[in-house]
Amino acid sequence: MIKKIGVLSGGGDSPAINAAIRAIYLKASQYGYKVIGIKNGWEGLVKGNIVELDRESVSGILGEGGTIIGTSRTNPFKIENGVEKVKENIKKFELDAIITIGGDDTNGVITRLTQYGIKGVGVPQTVDNDIAHSDYAIGSDSALEVVTDCLDKLHTTASSHSRIMIVEIMGRDSGWLALSGGIAGGADVILIPEVAFDYDEIVNVIEKRRERGKDFTIIAVAEGAKPAEGEEQVTASGAIDSFGHVQLGGIGNVIAREIEKRTGYGTRVVILGHLQRGGRPSAFDRIVATRLGAKAVELVHEGHFGQMAVMENGAITSVPLEKAIKEEKPMDQELYELSKLLH
Ligand code: F6P
């Protein structure tokens, strides 16, 4: 019998989390359930930091970016007695189920915790859009809008100065954002982590464009992309988070130096960074987040724990968390092939 649901957002934020929280609250209220906001992701359940949600606290947040309950990259499995503390706090706050909004890491924790008898349901959220069985992770469409807008803007200045503009886009292992944003924003070269790149090919595109009178080139590169020469991903610092991820950043500068060396043309680098995760959610993200938030509560209501609410092949449905976390979302090969035509 469900009385109280805890909701948390974990990992990197994105603009549509609040839309999901609002839908979770409203759908849960329809069933007569209380909703508790767990502060700053899994940290809130380790430290016992919660906030009660009510109609007032979820009012007006649909179009607000970020997350009203905060987020962090806390992994209870990496904290001494972390799992025990989570269990204790779930008992203390009388939470009958947990809804987790996040990527593989955040939802991976609830997947593991189900083995300890904790009842949970996941909602996919990451600008990387790399969660298996989910057409969209909420937040990714808003980030795509940012990337597209920035590439549009960079076209005018790159063209005025006849420059090679290298635009670094988020995406640790997944090039979805760079690929989709690159296509939408008319990038001439798109480099993603899934396919090692070749400097000769990049220079070839630059030179071919110049032969056609296009003296500028826009290169969209995912932060996790690497050259075919088998080099490591470029890191911004040695910092490693509690899920073992190193902080990436700087591949744009590496590419710029190499291209300048090979061609002598002026290059500039723009790292879009956390701008991609900021601001207001797109209309599409608001709708998907609302639908997935409501679906997650339905799953709780029906007792379908250990599931993730997803949009798969356009339909709102669910998949086992285990499956969504373990499997890798394949790169869209057709989209990648298409991208190579567009310069
Ligand atoms: O996981 C989403 C993401 O935006 C990645 O694309 C990026 O590598 C990472 O988060 C950055 O994380 P942080 O906000 O901790 O710098």
Side-chain angles (χ1 to χ4, degrees), residues 8-18 20 40-43 65-67 69-75 78 100-111 122-132 134 136-148 150-151 166-182 190-194 220-226 232-254 269-279 281-282 285 288-289 308 324-325 328-329 331:
L8 66 82
S9 47
D13 71 340
S14 77
I17 300 173
N18 284 331
N40 305 327
W42 287 108
E43 184 192 283
T67 161
I69 52 177
T71 184
S72 73
R73 294 190 185 278
T74 307
N75 182 356
K78 287 286 157 67
T100 55
I101 307 169
D104 281 342
D105 296 334
T106 304
N107 288 310
V109 171
I110 190 65
T111 310
V123 173
Q125 179 282 129
T126 165
V127 296
D128 293 359
N129 197 16
D130 60 350
I131 301 179
S134 196
Y136 288 99
I138 62 175
S140 56
D141 185 65
S142 308
L144 178 57
E145 290 292 320
V146 174
V147 173
T148 307
C150 290
L151 288 177
I166 296 128
V167 188
E168 194 174 303
I169 295 164
M170 279 185 169
R172 193 193 298 281
D173 306 306
S174 158
W176 180 85
L177 189 54
L179 182 55
S180 309
I190 300 176
L191 310 174
I192 56 175
E194 294 91 332
V221 58
E223 60 185 354
K226 9 181 223 299
E232 296 282 296
Q233 288 179 318
V234 180
T235 55
S237 76
I240 294 182
D241 70 22
S242 67
F243 291 92
H245 305 302
V246 72
Q247 194 191 344
L248 295 179
I251 183 66
N253 292 307
V254 173
V269 178
V270 179
I271 299 180
L272 297 186
H274 293 81
L275 281 173
Q276 296 160 101
R277 301 215 313 243
S282 67
D285 254 337
V288 177
M308 182 186 276
I325 299 305
E328 261 182 36
K329 187 173 183 176
M331 177 191 82

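As the structure is a computational prediction, the values presented were derived from the model and not from experiment. We count ligands from 1, going down the list as the structure has it; atoms in each ligand are counted the same way.
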Note: heavy atom closest to atom 3 (C) of ligand 1, options E223, R277, R172, belongs to R277
Do you see a donor-acceptor pair shorter than 3.5 Å between the side chains of S142 and D285? yes
Per side chain to side chain contact (heavy atoms under 4.5 Å, CB included), D173 is matched among E194, K329, Q233 by Q233
Look up atom CD1 in I131 and atom CE in M308, then write down how far apart they are to the nearest 0.5 Å. 5.0 Å
Would you indicate which of Q125, R73, H274, Q276 comes nearest to atom 10 (O) of ligand 1 when only heavy atoms are counted? R73
Option of least heavy-atom distance to atom 6 (O) of ligand 1 (set: D105, T106, D128, D241): D128
If the contact criterion is a heavy-atom separation under 4.0 Å, does V127 count as touching ligand 1? yes
Would you say the side chain of Q125 lies within less than 4.5 Å of the side chain of T106, judging by non-hydrogen atoms? no
Which heavy-atom pair separates K226 from E232 by the least distance, and what is that distance? CD-C, 4.2 Å
Check whether any heavy atom of G171 sits under 4.0 Å from an atom of ligand 1. yes
